[in-house]
Amino acid sequence: MVREWDPRTASSAEIASLLDTLNAVLAADLPQDPPWRESSLREYLTEVMPGERRISWVAQEEPGTNGAPGAILGQVQVLLLGDIGVLEVLVHPSARRTGLGRDLVRTAARRVYQEGFSAIGVEVVGDTPSVAFYESLGFTREYVETRSVLDLSVVDWAELAEMATGIGAGYHVEFHPGGPPDELIEAYARAKAEVRDVDDGELRPSSYDPERLRDSLDCLHRRGMKPYIVLALHEQTGEVAGLTEVVVPAQHPTRADQYDTIVVQDHRGYGIDRAIKARMLLELRSAEPDLAEVQTWNAQANEAMLKVNAELGYRPDRDWCEYSVDVADLVHRLDASR
């Protein structure tokens, strides 16, 4: 049965069952990815930014004869933000090709339609069954990134240390675990605003307002995701000339996620991008000794950053695609197919 589900009040057994399904999906579709852990998983599923809402449903087996809750075989959640609903669907490999995935999407799509949203977006991992699944429902591909992964066990740390110092005169680099200090938030926001007009297809856009940035950092901490920031500061003006962000999630602490890397237009050409990313890796080596990998996503047209990542040792992994669909069309198509 499919029912609305609130991870804030769900039992520990249900959270553990959802984790089992998530890891079964990873083992089937992304076998090189590390399995997730239960650490802060409830918070990861619950916490959102101000003005956003997340609604979840699960497909669950009937309770056992001893009254124990049935296993969770599937989950769908939709994050309502801006003018779009962002969808995430999990179906246990043993329950695929049974129509369960379509039922989950139908349930979420109807709610998104009732809430007055016009579009649904979803991230789809290349070379997995989800590509054919979403395309069969009428979703169209809007944007493609390349995911690359850096194996820290093969990094030449002496060479990396040299890269970290290869920055032009007039700049210095700072490391800020947990987030930038409050006195730099406004300058930090101005640097991130450098890319606000770029139509990059992001379903979860960056924050460019100082207060929104504070909210974003607070939300990361509540979700069990520790941010690390490296800044390049222009010594003459004190402005943030470049920044790079890495987040280490409690749910998979051996693989970190690279977030934004930005070099302000007026400060390009001084080796900032490579230097700050190299400095980040050196700092993470000490701050997170259990960390084994870092993964990053880049637009395929961003040749400059792809080149920097290759110099640092990142290796392309697979495509990461964003799809979207008109909500009314999706609901009509799914209802007509019943």
Side-chain angles (χ1 to χ4, degrees), residues 34 145-168 171-181 184-185 187-192 194-195 206-207 213 216-217 220-221 223-235 239-264 267-299 302 304-317:
E145 291 182 312
T146 297
R147 183 178 77 166
S148 299
V149 179
L150 174 63
D151 180 352
L152 296 178
S153 70
V154 300
V155 167
D156 184 332
W157 293 103
E159 182 180 0
L160 201 72
E162 190 172 325
M163 291 182 186
T165 62
I167 191 170
Y171 299 92
H172 73 271
V173 177
E174 296 182 354
F175 173 63
H176 296 286
L184 287 175
I185 282 286
Y188 189 76
R190 285 194 294 272
K192 287 178 74 76
E194 180 82 7
V195 295
S206 296
S207 300
L213 273 171
S216 179
L217 290 164
L220 284 173
H221 285 290
R223 299 184 82 197
M225 305 167 75
K226 186 172 183 180
Y228 292 92
I229 311 294
V230 170
L231 303 177
L233 297 177
H234 186 228
E235 293 173 351
E239 286 296 297
V240 173
L243 63 94
T244 190
E245 307 162 333
V246 167
V247 171
V248 179
Q251 299 82 19
H252 52 89
T254 62
R255 179 181 284 193
D257 298 329
Q258 174 78 59
Y259 280 30
D260 283 343
T261 297
I262 296 168
V263 179
V264 174
H267 301 282
R268 294 178 184 175
Y270 297 96
I272 291 174
D273 46 6
R274 191 175 73 162
I276 58 178
K277 294 193 77 166
R279 172 69 177 273
M280 174 67 80
L281 295 171
L282 291 167
E283 296 288 356
L284 288 174
R285 188 185 188 193
S286 301
E288 296 284 345
D290 294 332
L291 191 64
E293 298 170 309
V294 181
Q295 58 186 0
T296 187
W297 293 261
N298 296 102
N302 191 351
M305 191 56 66
L306 290 171
K307 180 176 183 293
V308 168
N309 287 339
E311 291 171 350
L312 293 169
Y314 284 88
R315 295 293 176 261
D317 176 42

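If you're wondering where the values come from, they're calculated on a predicted model, not measured in any experiment.
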Can Asp317 and Gln295 be said to form a side chain to side chain contact (heavy atoms under 4.5 Å, CB included), step by step? CA-CA 9 Å; Asp317 176 42; Gln295 58 186 0; over 6 Å; no
Member of Thr244, Ile276, Val240 meeting the side-chain contact (heavy atoms from CB on, under 4.5 Å) criterion with Leu231: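 The option that passes is Val240.
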Can you name the closest pair of heavy atoms from [X] and [Y] and give their distance?
X      : Y      : answer
Pro227 : Val247 : CA-CG2, 4.1 Å
Ile262 : Ala191 : CG2-O, 3.5 Å
Glu174 : Leu184 : OE1-CD1, 3.9 Å
Met305 : Asn298 : CG-ND2, 3.2 Å
Glu145 : Ala299 : CG-N, 4.1 Å
Val248 : Ala256 : CG2-CB, 3.9 Å

List the steps and the verdict of side chain to side chain contact (heavy atoms under 4.5 Å, CB included) for Glu288 and Lys226. CA-CA 10 Å; Glu288 296 284 345; Lys226 186 172 183 180; 4.2 Å; yes
Using modelled atom types and a 3.5 Å cut-off, is there a donor and acceptor pairing between side-chain atoms of His221 and backbone atoms of Gly178?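 Yes: the side chain of His221 pairs with the backbone of Gly178.
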Please confirm whether the backbone N or O of Ile229 pairs with a side-chain atom of Glu283, one donor and one acceptor, at under 3.5 Å?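 Answer holds: no.
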Pairing residues for Arg190 by the salt bridge (Lys or Arg N to Asp or Glu O under 4.0 Å) criterion, not counting sequence neighbours: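 For Arg190 the salt bridge (Lys or Arg N to Asp or Glu O under 4.0 Å) partners, ignoring immediate neighbours, are Glu239.
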Partners of Glu311 by salt bridge (Lys or Arg N to Asp or Glu O under 4.0 Å), sequence neighbours excluded?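 Listed in chain order: Arg274, Lys307.
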Between Tyr171 and His234, is the ring centre distance below 6.0 Å?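 Here the rings of His234 and Tyr171 have centres that are less than 6.0 Å from each other.
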Got a sec, which residues hit ring-ring contact (aromatic ring centres under 6.0 Å, His included) with Tyr259, two or more places apart in sequence or on another chain?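 Expected list: none.
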Distance check, rounded to the nearest 0.5 Å: Lys192 atom NZ versus Ile185 atom CD1?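 With rounding to 0.5 Å, NZ (Lys192) is 10.0 Å from CD1 (Ile185).
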Check the pair Trp297, Asp257 against side chain to side chain contact (heavy atoms under 4.5 Å, CB included), reporting the backbone distance first and the verdict last. CA-CA 9 Å; Trp297 293 261; Asp257 298 329; 3.9 Å; yes
Got a sec: does the CZ of Phe175 have more than 12 other heavy atoms crowding it under 6.0 Å?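 Check passes, neighbour count above 12.
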